[in-house]
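Below is one structure, written out as structure tokens; the observations come after it.
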Amino acid sequence: MNHSLAFAWLSLAALASTSDSWAQEVTRGPYLQLATPRSVVVVLRTNQAIDPVVRYGTSREDLSHSTHSDAVTVRLSADVAATSDAPYGSIPVLYDEPDAYAGDRKLWDRNPSTPEGTWQYEAKVAGLKPATKYWYAVYDGDRLLAGGDGDHTFTTPPSPSAPADLRLWVVGDSGTGGPDQKRVYEAMQDFAATTGRTPDAFLHVGDMAYGDGADVEFQRHFFDVYQPTLCNTVCWPAMGNHEGHTSRGLSQFGPYYDAYVLPTAGEAGGLASGSEAYYAFDFGRVHFICLDSHDLDRSPDGAMARWLEADLEENDSDWLIAFWHHPPYTKGSHDSDHETALVEMREHIMPLLEAHGVDVVLSGHSHIYERSMLIDGAYATPTVSEGVVLDDGDGDPKGDGAYRKSAGLRPHNGSLAIVSGHGGGGVGRKGTMPIMREIIVEHGSLLLDIKGDTLTGTMVNKHGAVRDEFQLVKRGKVEHTPITNPWRPAHDPDLITEMRLRWREGKGGQPQGWSVLSGEPGRFEIERREDLRRNLIAVTSTDQPLLITSDRFEGKIGELEAHVQFTTSVGAAGLAFACESADRLFAYVISPETREAFLVQVIDGERTVVGQRSIDLPFDKPIKIELEPSPTALKVQLNDDLEYTVPLPEPFQAGRVGVVLSEGTSVQFSDLVVERSK
């Protein structure tokens with residue numbers, strides 16, 4: 001996608017639909033993008049062609065300035081572009097997925113393409129003054145479409161030489177469209193009203209449009225929810241893995257890139273990246289870096305890391321904040337010691353940032369709130385706290401006191417790592433990350449206030465309660481000595497939301513604590529195998545299906561996961577849950593033979609395939625299966641990457657969990673984990 005294209009030569013009227021039988025309607029926005037001290041972009045979608053004009057001024061009563069046609073980029077849905085009179089290939093086309101459906105099998109839960117009849121207008125408002133508030137309205141010629149009221153305003157960022165005075169709202173993993181997302185948003189709004197200041201900028205650290213980042217999911221789970229903020233506050237996004245189902249960082253194409261207008265040429269500050277996948281921007285003396293941790297090369301020799309280092313070399317701001325989706329440190333719903341993207345961001349990217357004095361690193365992906373102590377050099381896998389914590393206090397000005405650093409950007413002077421992935425998706429905790437000072441398994445969001453040399457962080461939960469408050473002060477020269485034996489967060493198993501179902505040796509080949517609900521003795525083999533890293537069992541079913549459930553857990557699950565490795569290329573195997581008996585259960589199975597995944601429901605012995613999907617996975621290696629049920633759907637994640645959702649005919653019930661095999665299957669299961677439902 002190239003937002004720099006403008007179409008002054010193109011008559012918008014020539015592209016108009018020949019039908020005037022339906023009303024012109026705003027279908028998205030208006031919302032703000034790409035703010036600089038002297039410009040901002042106003043984005044609007046309609047279901048028919050309009051003559052877009054943005055009128056603006058420094059008072060609500062005097063919108064005496066307006067945009068010109070050569071400042072407007074128009075982008076069209078594929079059906080509109082196909083019927084236009086413009087030369088082929090000259091108009092940017094919004095995302096279209098021609099293979100969203102194949103035959104009678106639906107490959108997506110919904111078509112991810114842009115709705116038909118969509119016109120998107122991106123109007124650059126230029127010639128503005130820094131740190132100045134403007135009111136605006138969007139017109140179709142002389143007809144008012146939106147704005148002209150107290151809600152539709154924007155304030156340009158201060159110049160790069162101005163001292164920092166900024167309130168930043170940070171949200172991650174919010175895009176469910178559900179009640180928790182909306183409560184988190186309302187709690188932030190109430191807090192802002194109570195404290196007398198709304199956010200100056202909105203950072204979203206990814207997964208804003210579950211489950212596939214489709215256009216309609218962006219509309220329902222992002223724009224429809226946050227429009228009261230988006231019409232007056234710029235959102236600066238990082239792409240999450242869910243957006244990555246339909247969008248690609250390398251080509252910068254997909255619904256995510258349609259939704260946002262992001263800097264590529266250094267126009268908002270920093271070094272030109274040439275890519276909307278990773279970019280920089282300034283807000284006064286605060287420099288921001290956004291990276292794509294999902295689908296781009298994360299290695300030190302990759303294009304993204306090379307740009308990052310070059311940008312950091314040129315940066316002379318007072319504050320440096322970096323953000324992306326996959327956290328370098330977490331033990332929430334994800335584990336940064338075991339997942340490739342998280343490990344690589346820690347091992348490859350964190351050293352570059354800390355060598356240039358980064359202050360705060362923000363991320364999501366893991367559905368939890370975690371906030372570190374002041375750290376430096378925590379690159380090892382697994383993460384340890386010894387020798388990498390510079391200040392092990394709580395950072396609370398009312399407690400141990402603020403964290404302190406030298407003024408400016410001093411290498412290896414300490415940073416704070418914060419996971420803010422608790423914006424709406426189901427929260428959970430796998431363990432205890434030793435560098436974290438606060439670990440809170442609640443929905444909420446983070447507000448960062450920067451004023452001069454002081455940064456104040458406030459985590460507000462969905463009920464409006466302040467659950468964490470900390471400060472970072474950068475003043476004078478501060479020397480730190482790494483702490484050999486720093487404070488450690490308590491590892492209380494009662495606070496962990498998951499439990500590991502372990503295999504133990506038993507009599508007659510059946511592991512202790514497990515029951516065979518289906519399968520006759522002598523017609524299957526079960527063997528617990530020694531493995532220092534994994535809790536592993538090998539199961540072979542000869543000529544009949546086999547179902548084995550754990551005696552340790554019976555209830556509703558929040559999440560179920562295990563690694564499955566086939567030792568034959570036939571059959572199918574997977575995880576069973578909501579098991580009342582062998583005749584009533586759900587089972588999610590994958591097959592190396594057909595390279596497909598199936599969700600099967602069994603009621604009174606009758607088996608029904610609820611969902612079926614082709615999967616392209618390396619079946620010669622362990623495949624990680626993660627299942628997360630909701631009242632209406634099952635979310636599936638395979639190998640921490642491929643994710644999709646299967647609608648359910650009825651809600652899950654409580655029951656046992658276990659493993660299931662078809663006849664003639666030989667497979668190894670390991671690391672079976674169940675998360676308790678709240």
- Item | Stepwise side-chain hydrogen bond (donor to acceptor under 3.5 Å, both in side chains) check, S159 with S161 | CA-CA 5 Å; S159 67; S161 61; 3.2 Å; yes

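- By the side-chain contact (heavy atoms from CB on, under 4.5 Å) test, S317 is found to be paired with H287, N315, L409, residues two or more places apart in sequence or in another chain being considered.
- The pair K124-D70 does not meet the salt-bridge criterion, since no charged nitrogen lies less than 4.0 angstrom from a carboxylate oxygen.
- A distance below 6.0 Å separates the ring centres of F202 and Y226.
- At least one side-chain heavy atom of P263 sits under 4.5 Å from a side-chain heavy atom of L34.
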- Please lay out, stage by stage, how F223 and Y31 fare under the test ring pair (Phe, Tyr, Trp, His ring centres under 6.0 Å). CA-CA 9 Å; F223 289 101; Y31 62 99; 4.7 Å; yes

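- Closest approach of D297 and M304 over heavy atoms only: O-CE, 3.8 Å.
- For Y185 and T229, the side-chain atoms include at least one donor-acceptor pair closer than 3.5 Å.
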- side-chain hydrogen bond (donor to acceptor under 3.5 Å, both in side chains) evaluation trace for H365 with N241: CA-CA 8 Å; H365 191 55; N241 53 293; 3.1 Å; yes

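- Applying the 6.0 Å contact sphere to NZ of K635 captures more than 12 heavy atoms from other residues, nucleotides or ligands.
- Between the OG atom in S420 and the CE atom in M459 there is a gap of 8.0 Å [rounded to 0.5 Å].
- Between H242 and H245, the ring planes are tilted. Angles from 30° to 60° get that label.
- The CG atom of L390 sits 11.0 Å away from the OH atom of Y403 when rounded to the nearest 0.5 Å.
- You'll find the side chain of V40 stays beyond 4.5 Å of the side chain of Q33, heavy atoms only.
- A distance of 5.0 Å separates OG of S372 from CD1 of I435, quoted to the nearest 0.5 Å.
- Using modelled atom types and a 3.5 Å distance limit, the side chains of E97 and S113 yield no donor-acceptor pair.
- Under the 4.5 Å side-chain criterion, counting only non-hydrogen atoms from C-beta, T195 is in contact with R167.
- With respect to the salt-bridge test (charged N to carboxylate O, under 4.0 angstrom), the residues R220 and D224 do not qualify.
- Taking CD of Q219 as the reference point, atom OG1 of T114 lies at 11.0 Å (rounded to 0.5 Å).
- Put simply, the side chain of W307 gets close to the backbone of L271: a donor and an acceptor are under 3.5 Å apart.
- Centroid-to-centroid, the aromatic rings of F283 and F288 stay 6.0 Å apart or farther.
- Classification of the F218-Y260 ring pair by plane angle, with boundaries at 30° and 60°, yields perpendicular.
- With D453 as reference, R475 is the one residue of R404, R285, R475 to meet the salt bridge (Lys or Arg N to Asp or Glu O under 4.0 Å) rule.
- Sorted by first and then second residue, the side-chain hydrogen bond (donor to acceptor under 3.5 Å, both in side chains) pairs involving residues 197-206 (not counting sequence neighbours) are D165-R197, S174-H204, R197-D200.
- With no hydrogens or angles considered, a side-chain donor-acceptor pair links E354 and Y379 at under 3.5 Å.
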- Message: Using the rule given for side-chain hydrogen bond (donor to acceptor under 3.5 Å, both in side chains), can you reason through H367 versus S333, listing the C-alpha separation, both sets of side-chain angles and the distance that settles it, and then say yes or no?
- Response: CA-CA 5 Å; H367 295 187; S333 63; 4.5 Å; no

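- The two residues P30 and V42 make their nearest non-hydrogen contact at CB-CG1, 4.0 Å.
- Listed by chain and residue number, nothing satisfies the salt bridge (charged side-chain N to carboxylate O under 4.0 Å, His left out) test with R248 (two or more places apart in sequence, or in another chain).
- Checked by atom type and distance alone, the side chain of D295 pairs as donor or acceptor with a backbone atom of G249 at under 3.5 Å.
- The shortest distance between side-chain heavy atoms of K331 and D337 falls below 4.5 Å.
- Here the closest non-hydrogen pair linking T246 and D212 is OG1-O, 2.8 Å.
- Looking at heavy atoms from C-beta onward, Y134 lies out of side-chain contact with T153 at the 4.5 angstrom threshold.
- When atom types are taken as modelled, the side chain of T36 and the backbone of A268 share no donor-acceptor pair closer than 3.5 angstrom.
- Between the T156 side chain and the K129 main chain, a donor and an acceptor come within less than 3.5 Å of each other.
- Remark: the backbone N or O of H326 is paired with a side-chain donor or acceptor of S293 at under 3.5 angstrom.
- When atom types are taken as modelled, the side chain of R306 and the backbone of P300 share no donor-acceptor pair closer than 3.5 angstrom.
- Of the N and O atoms on the side chains of S299 and E344, not one donor lies less than 3.5 Å from an acceptor on the other residue.
- Once rounded to the nearest 0.5 Å, the distance linking OH of Y95 with CG of D258 reads 9.5 Å.
- Shown here for P255 and S247, the closest heavy-atom pair between the two residues is N-OG, 3.3 Å.
- With respect to R28 and D215, a salt bridge is recorded, a charged nitrogen being found less than 4.0 Å from a carboxylate O.
- By the 4.5 Å heavy-atom criterion applied to side chains, V419 and Y369 are not counted as neighbours.
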- Message: Before you tell me yes or no, could you show the steps for R371 and F470 under side-chain contact (heavy atoms from CB on, under 4.5 Å), namely the whole-Å CA-CA distance, both residues' side-chain angles and the distance that decides it to 0.1 Å?
- Response: CA-CA 9 Å; R371 193 260 299 168; F470 60 92; 3.5 Å; yes

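- At a cut-off of 3.5 Å, with distance as the only test, a side-chain donor of Q120 or E122 sits close to an acceptor on the other residue.
- At least one side-chain heavy atom of V286 sits under 4.5 Å from a side-chain heavy atom of I321.
- Contact between P228 and C231 at its shortest, heavy atoms only, is O-SG, 3.6 Å.
- In this structure, the side chain of N413 engages the main chain of S406 through a donor-acceptor pair within 3.5 Å.
- No donor-acceptor distance shorter than 3.5 angstrom exists from the side chain of H443 to the backbone of H422, with no hydrogens or angles considered.
- Residues L44 and I50 are in side-chain contact: their nearest non-hydrogen atoms beyond the backbone lie under 4.5 Å apart.
- With hydrogens and angles disregarded, a donor-acceptor distance shorter than 3.5 Å links the side chain of Q181 to the backbone of G177.
- Among all heavy-atom pairs drawn from G270 and A280, the shortest one is CA-CB, 4.2 Å.
- Side-chain atoms of E217 come within 3.5 Å of backbone atoms of G213 as a donor-acceptor pair (strictly under, hydrogens ignored).
- For Y56 and W135, the distance between ring centers is not under 6.0 angstrom.
- At a threshold of 4.0 Å, the pair K474-D318 does not count as salt-bridged, since none of the basic side-chain nitrogens sits closer than that to a carboxylate oxygen.
- A side-chain donor from one of E347 and T381 sits under 3.5 Å from a side-chain acceptor of the other.
- Within the model, atoms SG of C235 and CG of L32 stand 11.0 Å from one another, a figure rounded to the nearest 0.5 Å.
- When only modelled atom types and interatomic distance are considered, E370 and T330 share a side-chain donor-acceptor pair under 3.5 Å.
- Defined by atom type and a distance below 3.5 Å, a donor-acceptor pair is missing between the side-chain atoms of H334 and S366.
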